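Structure, as structure tokens:
Read the numbers this way: they start at 1 and go in the same order the structure lists the ligands and their atoms. The structure displayed is predicted, hence computed values, not measured ones.
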Amino acid sequence: MQSFYITTPIYYVNARPHLGHAYTTFVADTLKRFHRMCGEDARMLTGTDEHGDKIVKAAAKAGKTPQEFVDGISAEYQALWPKLGIEHDQFIRTTDPAHKAAVQAFLQRIYDKGDIYFGEYGGHYCTGCERFYTEKELENGLCPQHLTRPEYISEKNYFFRMSKYQGWLKQYILDNPDFIRPERYRNEVLAMLENGVLEDLCISRPKTRLEWGIELPFDRNYVCYVWFDALTNYISALGWPDNEQDEKGNYRRYWPGEHLVAKDILKPHGIFWPTMLKAADLPIYRHLNVHGYWLVKDTKMSKSLGNVVDPQVAANVFGLDAFRYFLMREMNFGSDASFSEEAIITRVNADLANDLGNLFSRVLSMNAKYFGGKVPAHGVPDEADEELNRLTDNACANYVQLFRQMRCSQALDCLWEPVRAMNKYVDVQAPWTLAKEGKTERLGAVLRTLLEAMYRVAALLWPVMPSSSAAMQEQLGHPLDEKRFSAAKLDDLLVSRTHLRTGEPIAAKSALFPRLEMPTKEEKTGKTEKGENKKATPAQQPQPGAKAFIEFADFEKLDLRVGIILAAEQHPNADKLLRFDVDLGEDRPRQICSGIAAHFKPEDLIGKKVVVVANLPPRKLRGLESQGMILTAEWDGGLSLLSAEAPAGSSIR
Ligand code: ME8
């Protein structure tokens, strides 16, 4: 069985987990699930990076010993991931004894090969980055990351002969075009290798300056530089070096793996790590997958700006699967993306509530109404059915291919083509008309075509939205069984148009993706403010440009009802108006005139369910009495009819 090993960076424990950490970890979880779904032996690693200057300083500030401090924050990370539905197989800490022993073995191996030497070094040291900068790398004498003035330090240290591997690494990247992806980051690393000489890497810190680290096995007066320590986690977690020769051990089973990082740590992963592996005669990782930054309203997240997004709060407010979907869909892997409440609400309402949720809700309720909730038989497919099937086949195949290339956002975009096409197909095929005309066989064929395509989309969405995908599969009478994932099953999803069983009962309704509203302050903080003012607070004022608030009692005066259009024709005296007979569940249909002639052909609207304001006083429009108003949604040049899947006369609240 093919194996797949995905890692996240191990996060520093000097700060609490935020949206950025959650994103990388969600992507890793999604990829692990995707490869499991492909029938592979997939494993995911995450963890915490706990040594170094930064941690010592943060611990001192918190009035704790480094060990107490790292235990506390590492525990927060460990507790968070399961709450976010992350299913990692292992959580590594760089303070684990097995990791420390692995780092020492790694150092010793390179030392014995002659690629670690002792020398004098003077350089500009930035504590924020935990690294030395050369004069050339500074910007106006300041660290380019932290914009602080580094300290000039001169001391004797151990060095890794990284320069020796410059030519090898450059050639390796040229020979393996997708080793670092997307391409822009490959080019960045190539530029670092092509512009000048790669310097040797200082890999020690004298204990006189820093004690909180792993001792060098060949000199007890020094501890290991954090990056050398941290990068080794990717193999120490697999049990290296003890199981290096063991065919059945995790190291031989999973290495080389796939790494996932943001652009901030491109250099250590793109340059230090492959040269370290090469020097230790170990296989090089498969790919370095580099993503951009999440910005908050176009600014970097920072504690001082107070704009750090807490992933747990976001998952609680918006729903875990909706949050995951948004992150995967909104960030084009490799580029930066912006997080805002407006962005998530817009995306979730459009893609999940309107497109996918609405599709499930209308198709399942029609199936309940027309076939008692049982899967109807396949009919003889007509051209429209074939077209939808072909579109679904292509979209499913492209989705899988794009996922393999880490292009999750494009993959999801692709899968939404059949979702949107299915909604259109429902409108065009108009099952309600087929039902009225007694065309039961054709009605069954239409619903079966839809149900099969819906199942394929729902199943493929599992890596991104595990619970919703499982719920949709269950609604379609096919509960998810993770034990049955296999390459053959995935192939079947991609090509077969028969997954459901004729006559089997399925759900009569579905309400998986509620529309999101802007969260209140209380929902965001989870607290009520003391002495809260019962009147509208500024956060509750209407948005600029919106209408003034009304009392609830005013809203209750409206009689909104579901109506079915029984007849529709052009108004005899007005080009802009259509005349309808609408069944509102009363003794006889009402005549309603509506100014929507520019947008619809009257014959297309027969059988449609609409929402009607039923208690407006009758009014004459160009000679014909109108006994109600049909509600529409309008946007730039576009117009659609509001609809609700409920019997005629149902009241709307
Ligand atoms: O660098 N947008 O740890 P770290 C997207 N310990 N991702 C973000 C982000 C943002 N705004 N902010 C952080 C370290 N991340 C080292 C790693 S690995 C051997 C050692 C994510 O806590 C992203 O994955 O600073 C980034 O690479 C990582 O957190 C940095 O985490």
Ligand-protein N/O pairs under 3.5 Å (ligand 1):
unit_1, atom_1, unit_2, atom_2, d
ligand 1, 2 (N), Trp294, N, 2.9
ligand 1, 6 (N), Ile10, O, 2.8
ligand 1, 6 (N), Asp49, OD2, 2.8
ligand 1, 7 (N), Gly20, O, 3.4
ligand 1, 11 (N), Trp294, O, 3.2
ligand 1, 22 (O), Tyr12, N, 2.9
ligand 1, 24 (O), Thr24, OG1, 2.7
ligand 1, 27 (O), Ala262, N, 3.0
ligand 1, 27 (O), Asp264, OD1, 2.9

Please table the atom pairs, donor to acceptor, closer than 3.5 Å between any side-chain atom in residues 259-270 and protein atoms at least two apart or in another chain.
unit_1, atom_1, unit_2, atom_2, d
His259, ND1, Thr7, OG1, 2.7
His259, NE2, Trp273, NE1, 3.0
Lys263, NZ, Asp336, OD1, 2.9
Lys263, NZ, Asp336, OD2, 3.1
His269, ND1, Ile265, O, 3.0
His269, NE2, Tyr234, OH, 2.7

* To do: Could you tell me whether Glu76 and Arg16 make a salt bridge, using a distance below 4.0 angstrom between a side-chain N and a carboxylate O?
  => yes
* Strictly under 6.0 Å, is that where the ring centroids of Phe160 and Trp227 end up? -> no
* Would you confirm whether the ring centroid of Tyr121 sits within less than 6.0 angstrom of the ring centroid of Phe132? => yes
* Minimal non-hydrogen separation, Gly196 against Gln166, with atom names -> O-NE2, 2.9 Å
* When you check the gap from the basic side-chain N to the acidic O, do Arg404 and Glu40 get nearer than 4.0 Å? -> yes
